[in-house]
Amino acid sequence: MKKILPVLFICILAMIFTACGNDEIKIDGYEWQLRTAANINDEGLVVAVGEKSEAYPDAKIVDVVLTAENGELTIEDKTNNETYKGAYEEMYVTENSDDYKIIIEGKEGYATVAYTTYEDGSKKLTLPITLDGYDLYFYVNNQKN
């Protein structure tokens with residue numbers, strides 16, 4: 001019994017710290033800017049980008065912003081003056097990521113908030129979303145207060 005208690009205590013602490021996560025890594029509290037939108041059904045063809053890109057010369061340039069707060073999210077396509085409403089629910093939290101189930105305009109998908117590390121060593125908070133045959137990749141544009 002004396003050997004089981006320390007192991008049990010360590011397991012409980014590990015679960016508590018894992019559940020706490022990182023307060024920076026969350027979907028709400030930020031303004032997310034679309035970087036790329038890829039059509040999964042068309043072999044991942046990038047169909048839209050947030051800014052001109054040599055890597056995707058045929059992609060449409062769009063201005064799309066996502067915001068989320070208190071379980072509700074909004075995607076604003078400023079290029080076409082369209083707004084899409086939805087909801088999100090936290091599914092799984094770790095120290096390095098936060099996973100969500102999302103529903104936008106009746107379509108169900110999944111999202112993950114995590115830091116992406118680039119070749120130059122820099123890190124940026126990113127939000128990839130898979131929804132209705134598309135992979136949407138957002139990055140933090142502004143932190144909302």
Test item: side-chain donor near acceptor, Tyr100 and Asp98, under 3.5 Å: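 There is such a pair (donor and acceptor under 3.5 Å, judged by atom type) between the side chains of Tyr100 and Asp98.
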
Exercise: do Asp120 and Ser122 side chains pair donor with acceptor under 3.5 Å: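 Per modelled atom types, Asp120 and Ser122 side chains form a pair under 3.5 Å.
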
Closest non-hydrogen atom pair between [X] and [Y], with its separation:
| X | Y | value |
| --- | --- | --- |
| Val65 | Glu31 | CG1-CG, 3.2 Å |
| Leu127 | Ala111 | CD1-CB, 3.8 Å |
| Thr112 | Pro128 | O-CD, 2.9 Å |

Any side-chain heavy-atom pair of Ile129 and Ile102 under 4.5 Å: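 When only atoms from C-beta onward are counted, Ile102 and Ile129 do touch, with a gap below 4.5 Å.
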
Side chain to side chain contact (heavy atoms under 4.5 Å, CB included) between Asp77 and Thr83, intermediate numbers included: CA-CA 6 Å; Asp77 181 349; Thr83 300; over 6 Å; no

Evaluation steps, side chain to side chain contact (heavy atoms under 4.5 Å, CB included), between Val113 and Thr126: CA-CA 6 Å; Val113 176; Thr126 56; over 6 Å; no

Please answer: with hydrophobic residues joined when any side-chain heavy atoms are less than 4.5 Å apart, are [X] and [Y] in the same cluster?
| X | Y | answer |
| --- | --- | --- |
| Ile40 | Val46 | no |
| Leu131 | Tyr84 | yes |
| Val49 | Phe138 | no |
| Leu125 | Leu34 | yes |

Candidate list Asn41, Asp42, Val47, test side-chain contact (heavy atoms from CB on, under 4.5 Å), partner Tyr134, passing option: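 When Asn41, Asp42, Val47 are each tested with Tyr134, the side-chain contact (heavy atoms from CB on, under 4.5 Å) holds only for Val47.
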
Arg35 to Tyr137, cation-pi by 6.0 Å centre distance and 45° axis angle: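 Here Arg35 fails the 6.0 Å and 45° test against Tyr137.
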
Stepwise side-chain hydrogen bond (donor to acceptor under 3.5 Å, both in side chains) test for Gln33 and Asp63: CA-CA 8 Å; Gln33 185 73 42; Asp63 184 8; 3.0 Å; yes

Among Glu24, Lys123, Lys124, the one residue meeting side-chain hydrogen bond (donor to acceptor under 3.5 Å, both in side chains) with Tyr115: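 Among Glu24, Lys123, Lys124, the one meeting side-chain hydrogen bond (donor to acceptor under 3.5 Å, both in side chains) with Tyr115 is Glu24.
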
CD/Glu105: more than 12 non-hydrogen atoms of other groups inside 6.0 Å: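 For Glu105, atom CD is crowded (more than 12 foreign heavy atoms under 6.0 Å).
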
Ionic contact status for Lys101 with Glu108, cut-off 4.0 Å: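 Salt bridge present between Glu108 and Lys101.
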
